[in-house]
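What follows is a short report on a single structure.
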Amino acid sequence: MAKKYKKLRVSKHRVILNRSAAGDTGITIMLVILGLMMFLPMYNSVITAFKPAGELAITPPKLYVMKPTLKNFIDLFTNMNQTWVPISRYIFNTIYISVASTFGALLLGSMTAYSLSKIRMPGYKVMNNLITWSLMIGSTITGTYNFIIYCKIGMLNTYAISILPVWASTLGLYLMKNFIDDGISDEMVEAARIDGAKEFYIYWKIAMPLVKPAWLTCIVTTFQGVWAAGASVYVWSEDLKTFNAAVAQITGAAATNAGAAAAGAVLMMSVPIIVFVVNQSQIVETMASSGMKD
Amino acid sequence: MQDTAVKKGTKPEKPKKSKQPVSRKDMTRAQYTWSEMKRTKAGYFMVAPFMIMFFIFTVFPVILSLLLSFTSFNMLEWPKWIGFDNFIRMFLDDDLFITALKNTLIFAVTTGPASFLLSFILAWFINELPHKLRTFVVFIFYAPGISGGAASIFMLIFQGDIYGYANGWLMKLGLITEPILFFQNETYIMPLMIFISIWTSLGISFLSFIAGLQSIDRAQFEAGAVDGIKNRWQEVWYITLPNMKSMLMFGAVMAITGAFGFGAIVSQLCGTPSVNYCAWTLAHHMGEYMTTRFEFGYASALALVQFILVFGANKMINKMLAKVGQ
């Protein structure tokens, strides 16, 4: 058995994984090309917002700005200050609705995910299946019947209609459950139980810190959904509408002013982007050191 | 020996039916379930708030839709039970449905796997980058998903006149002599739509792959290196993939649902209906019966067919994913 073993390379007590230079280069090139392609749509909408009126009229549109200007944004804000409801009300609505719906959804979802994954009470399989199936149903069909239900409960034109349905979303829950299934071993939960911990304590103090990437991913996606759905058709009172809806109304009304519309679009996408960037920078590599695997 | 002991003892043997059984063997199935339910009652309390919302806002509408798919219903009159007529009509008396079904299946088998693979490969490549750079690159790739207004740039690129970028370049290269009306030409619409939807497909499954990759224990990779894994390609097959199977499943569900619900971007770019219904999908068909013709019973039946397709595709993918890493 004279099999030759390649010598392991080690640095600072960590094994250096085998990586070929050719593979690294190939991956980098591919990422750069695809990255440019992916980024193009967003790049375009950002530069459009900074184009003066003269440049917006050029055909074909240039992919760069010759004389960047902030006039589009100033136009947008002057328009906004003339709205019937003060702009601060829109901002308050947005913050209230996004925070309430995102955190409510995450709290309820993660609690459910933990119970279905680790407590496994009788009937958990049925609930699991229902949740998985619900992901496969298109939103076109439920939308209309949901309207009937909102009507019957009397939820139309309230804050609740922007918040409660988000709490019932299964996407984050399913994601969270996958993370708990993969990342937390039954043995660890069992050990905590034997030590006398209550289920809620295990969920909050032991399971949740271990699935931080799941939390962060869910926050990004849920928030983004809530933000994009800001202009709900079920809400018509002006003082219940979100900032997002207000911007959409203004840019829609000012259809002739393409610059202000582009500025509005940039303004609207900037918030989910900030949330996303802050979030992603929080996801750290140290997941592995905090838990034990089976 | 034992028998005599019992007879002599002051206490007779306890009857087998005690009030509180101790082991699984003493209990009937119902009793066992009940005891389990009592043991895990904390779980029910934790699930309850979500489940109440879930039943009101999702399960109930779906059941409603399921029932209505066997009726003729226009929102004004009470639904009329017509049995399987909706389904019969779909396959025998609705040419447009057959077109929609065909197009949807084409979109599903192309964009579904392609977007899934693209999401995974990119997530994996990005995961190989150093941490600081990674956040930035994830942002670059996920940006179109956030910004949403992807349609405008494609309008610009594939504009029908000579000022569109694609036409401009193709004419400069001498491949075509006159501009192509990309969004009005039956031969180009389908491939173009597939291409664009793959382009903009990096959504939640991409993010979940990134998060899944990052939660794999580094010790496993090190153990793999000790055990003789030679390069990253072996590593991904034997260590990475099996470790994130449930994330892959999630990505697959998302990709399949997205692919079968395909339609929004077609409406944005080519209008509804597209020229000669050449990119008409189930989503369009359903939307039309729902919002224009108000035939809710038929629309519900269409939704049921769509659900069955998605469900079948998922079962298939499930079987395939079970083979990963072997």
Side-chain angles (χ1 to χ4, degrees), chain A residues 8 15 17-20 23 27 31 35 38-42 44-45 59-61 108-109 111-112 115 119 121-122 134-138 140-142 144-146 149 164-165 167-168 174-175 178 181-183 199 213-214 217 221 224 228 265 269 272-273 276-277 280-281 283 285 287-288 293, chain B residues 33 36-37 40 42-44 46-47 49-50 53-54 57-58 61-62 64-65 125 128 131 135 138-141 143-144 146-150 153 156 163 204 207-208 211 214-215 217-219 221-222 225-226 230-232 246-247 250 253 257 261 283 286-287 290 300 303 306-307 310-311 314:
Chain A
L8 275 181
V15 179
L17 306 175
N18 294 319
R19 292 287 183 269
S20 62
I27 286 174
L31 279 181
M38 296 293 168
F39 198 61
L40 190 63
M42 189 163 132
N44 182 56
S45 41
T59 26
L108 299 193
M111 256 180 356
T112 312
S115 312
I119 303 183
M121 54 280 192
S134 78
L135 288 173
M136 302 178 197
I137 294 165
T140 336
I141 203 74
T142 47
T144 315
Y145 300 121
N146 266 334
I149 290 167
L164 294 186
W167 290 7
Y174 188 81
L175 196 61
N178 278 346
D181 281 345
D182 280 1
E199 288 297 345
T217 310
T221 50
Q224 200 187 309
M269 73 169 92
I273 285 175
F276 175 76
V277 170
Q280 281 293 307
S281 56
I283 297 185
E285 278 186 276
M287 276 293 294
K293 299 261 176 175
Chain B
T33 313
E36 277 293 291
M37 282 169 86
T40 57
Y44 291 104
M46 285 166 79
V47 164
F50 169 80
M53 299 285 166
F54 181 60
F57 295 118
T58 310
V62 169
L64 204 62
S65 151
F125 283 177
E128 304 263 295
H131 179 62
T135 311
V138 170
F139 166 66
I140 294 279
F141 278 91
I146 303 175
S147 63
I153 185 77
L156 204 64
Y163 299 116
I204 186 171
L207 274 193
S208 67
Q214 275 162 25
S215 56
D217 197 339
R218 196 190 142 85
F221 294 118
E222 297 187 349
V226 174
K230 286 193 202 70
N231 52 41
R232 68 181 104 210
S246 53
M247 281 300 131
F250 174 73
V253 172
T257 316
M286 214 185 316
M290 208 96 203
S300 302
Q306 190 192 32
F307 176 74
V310 174
F311 191 75
N314 264 306

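Naming: A, B, ... by sequence-line order, numbering from 1 per chain. Basis for what follows: all heavy atoms, side chains included, without hydrogens, waters or symmetry-related copies.
- Only the side chain of B:T257 has a heavy atom closer than 4.5 Å to any heavy atom of chain A.
- Side-chain contact between B:Q306 and A:I137 is absent, with no heavy-atom pair separated by less than 4.5 Å.
- Heavy atoms of B:V138 lying under 4.5 Å from chain A belong to its backbone as well as its side chain.
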Would B:F311 and A:M136 satisfy side chain to side chain contact (heavy atoms under 4.5 Å, CB included), going step by step from the backbone distance to the final call? CA-CA 7 Å; B:F311 191 75; A:M136 302 178 197; 4.0 Å; yes
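- Of the two parts of A:I149, only the side chain, counted from C-beta on, holds a non-hydrogen atom closer than 4.5 Å to a non-hydrogen atom of chain B.
- In this structure, B:M247 CE and A:T217 OG1 are separated by 8.0 Å, a value rounded to the nearest 0.5 Å.
- Counting heavy-atom pairs closer than 4.5 Å to chain B, the top-ranked of the candidates A:N178, A:L108, A:I119 is A:N178.
- Across every non-hydrogen atom of B:M37 and A:P122, the tightest pair is CG-CG, 3.5 Å.
- Listed here is the closest heavy atom pair of A:S115 and B:G43: OG-O, 3.7 Å.
- Taking all atoms of both residues into account, the shortest heavy-atom contact from B:F141 to A:L31 is CZ-O, 3.4 Å.
- In terms of heavy-atom proximity, B:S65 sits nearest to A:Y145 at CB-CE1, 3.4 Å.
- Across every non-hydrogen atom of B:F50 and A:W167, the tightest pair is CD1-O, 3.5 Å.
- Nearest heavy-atom pair across B:T58 and A:S134 is CG2-CB, 4.0 Å.
- Atom CG of A:L175 is separated from atom CZ of B:F250 by 4.5 Å, given to the nearest 0.5 angstrom.
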